[in-house]
Amino acid sequence: MTDTFKFELLGTDGKARRGRVHTAHGAINTPAFMPVGTAATVKAMMPESVAETGAEILLGNTYHLMLRPGAERIEKLGGLHKFMNWDKPILTDSGGFQVMSLAQLRKITEDGVRFRSHIDGAYYDLTPESSTEIQRQLDADITMCFDECPALPAPKERVNEAMQLSMRWARRSREAFTHRPGYGQFGIVQGGTEKDLREESVEKLTEIGFEGYAIGGLAVGEGQELMFSTLDFTTPVMPTDKPRYLMGVGKPDDLVGAVARGVDMFDCVLPSRSGRTAEAWTRRGSVNLRNARHKDDPRPLDENCTCPCCKNYSRAYLYHLTKTKEILGLMLLTWHNLHYYQELMAGMRTAIEEETFDKFVVDFHALREQG
Ligand SMILES: CC#C[C@H]1NC(N)=Nc2cc3[nH]c(NC)nc3cc21
């Protein structure tokens, strides 16, 4: 536990950074991957199991929790940590992206967003102030600014409009933030793949001043090359003494390439969602457990993996659980995928500490090319 929110930059190897974020509910070693716990649960996982994978922080969603069970209810029950039995740090997203991607009908004004719940069609409003207050009620260690997330790709003029509105909302989010020891708020850099817009967004956010800075609006179909080239000109102009969080990313090779470009924190539904769609992620690439070639295969998913799935179960068994739609299949594959993602992050942290990150990247791709 700590009484002050802070980021320690412990080492670098090229642009890759090794750090530690200190929050009210504990420390997070970076580069870090945050499993997604959208509705106050990482699907198919007990929180104790999530902790066993090595995760030190989870992501929750304002949009989902405000609709059901409601932020007031969670606050009255002692906050999100107690509610979901997770005593380590929690970062909550602000709702902007989920409104864009999930809500029915929505109307954006200078004040905020009015939308219809995808659950029951009821109307709700979200503003920078209400989103920030909801995240306080949830007792999030890291609160995200409320932003406008345009459907991307979009014309530069539209991307700029959304970025400018989001910068005005960032200032309102900051003014609504309750400063408490160990709690922080992150601004969200916008601007699509436009260098000038990204630079302006960073400038405006650092002028306001936050405990960390996220990069939003990538991994939305632009392709890995354009995502990396956007990072190439965005991370260098971001503060070096604050965490950098790339939102919604990504596949294992996205993570490695983004760490190499100076990113510290990630979240993505991929490992947990893949666990429910019979896709396993391993150091040699992904494995589709629906494929009949696994029917008689006695080997584990990955001989070198130390997770409960790889230590105790064969591909044949995982194939059987997949075909029979058994719940245990979802559990084991989700556990493996989250374990693999944490192992990947731990490997990158060690490589940066030992200044062997370039070799890590070469070995990472070589194993995948071997298949
Ligand atoms: C533009 C913008 C933006 C970001 N704004 C907020 N509040 N949350 C996000 C969540 C994301 N998930 C993914 N997945 C690819 N991209 C995201 C981007 C954002």
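Ligands are counted one by one from 1 in listed order, and the atoms in each one are counted from 1 as well.
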> Please state which protein non-hydrogen atom is closest to atom 15 (C) of ligand 1 and give its distance, to 0.1 Å?
Ala219 O, 3.3 Å
> Could you pull out, from Phe146, Phe186, Phe97, the option with a heavy atom nearest to atom 9 (C) of ligand 1?
Phe97
> Is there a polar contact between ligand 1 and Asp147, counting only N or O atoms under 3.5 Å apart?
yes
> So which of Gly95, Gly216, Gly248 gets nearest to atom 14 (N) of ligand 1, if we judge by its closest heavy atom?
Gly248
> Regarding Glu175 and Arg172, does a basic nitrogen lie under 4.0 Å from an acidic carboxylate oxygen?
no
> Nearest 0.5 Å please: distance from the OG1 atom of Thr132 over to the CD atom of Gln185.
5.5 Å
> List ligand 1 atoms under 4.0 Å from Ser94, heavy atoms only on the residue side.
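Near Ser94, meaning under 4.0 Å from one of its heavy atoms, ligand 1 has 7 (N).
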> Output yes when a side-chain donor or acceptor of Arg284 lies under 3.5 Å from a complementary backbone atom of Gln370, and no otherwise.
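Not at all, since once roles are kept as given, no pair shorter than 3.5 Å links the two residues.
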> Tell me whether Leu218 reaches ligand 1 (any heavy atom closer than 4.0 angstrom to a ligand atom).
yes
> Between ligand 1 and Gln190, is the shortest N or O to N or O distance under 3.5 Å?
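No; the residue has no nitrogen or oxygen that sits under 3.5 Å from a nitrogen or oxygen of the ligand.
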> Testing Leu332, Asp302, Thr282 one by one against Cys310 for a side-chain contact (heavy atoms from CB on, under 4.5 Å), which residue passes?
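In the set Leu332, Asp302, Thr282, the residue that makes a side-chain contact (heavy atoms from CB on, under 4.5 Å) with Cys310 is Asp302.
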> I need the nearest protein heavy-atom contact for atom 2 (C) of ligand 1: residue, atom name and distance, please.
Gly217 N, 3.4 Å
> Examine His118 together with Tyr63 and report whether their ring centres are nearer than 6.0 Å.
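Ring centres of Tyr63 and His118 closer than 6.0 Å.
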> Just which atoms of ligand 1 are under 4.0 Å from any heavy atom in Ile188?
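So the atoms of ligand 1 that pass are 5 (N), 6 (C), 7 (N).
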> Between Lys204 and Glu200, does at least one N-O distance fall below 4.0 Å, as a salt bridge requires?
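Looking at Lys204 and Glu200, the cut-off is met.
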> Suppose we measure from atom 8 (N) of ligand 1 to each protein heavy atom; which comes out shortest, and what is that distance?
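I find the closest protein heavy atom is Asp93 OD2, 2.8 Å.
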> Please list, in number order, the atoms of ligand 1 under 4.0 Å from a heavy atom of Cys149.
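Within the 4.0 Å cut-off of Cys149, ligand 1 contributes 2 (C), 3 (C), 5 (N).
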> Answer yes if the ring centres of Phe186 and Phe210 are under 6.0 angstrom apart, and no otherwise.
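Distance test on ring centres: not under 6.0 Å, no.
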> If I take atom CG from residue Asn160 and atom CG from residue Asp196, how far apart are they, to the nearest 0.5 angstrom?
8.0 Å
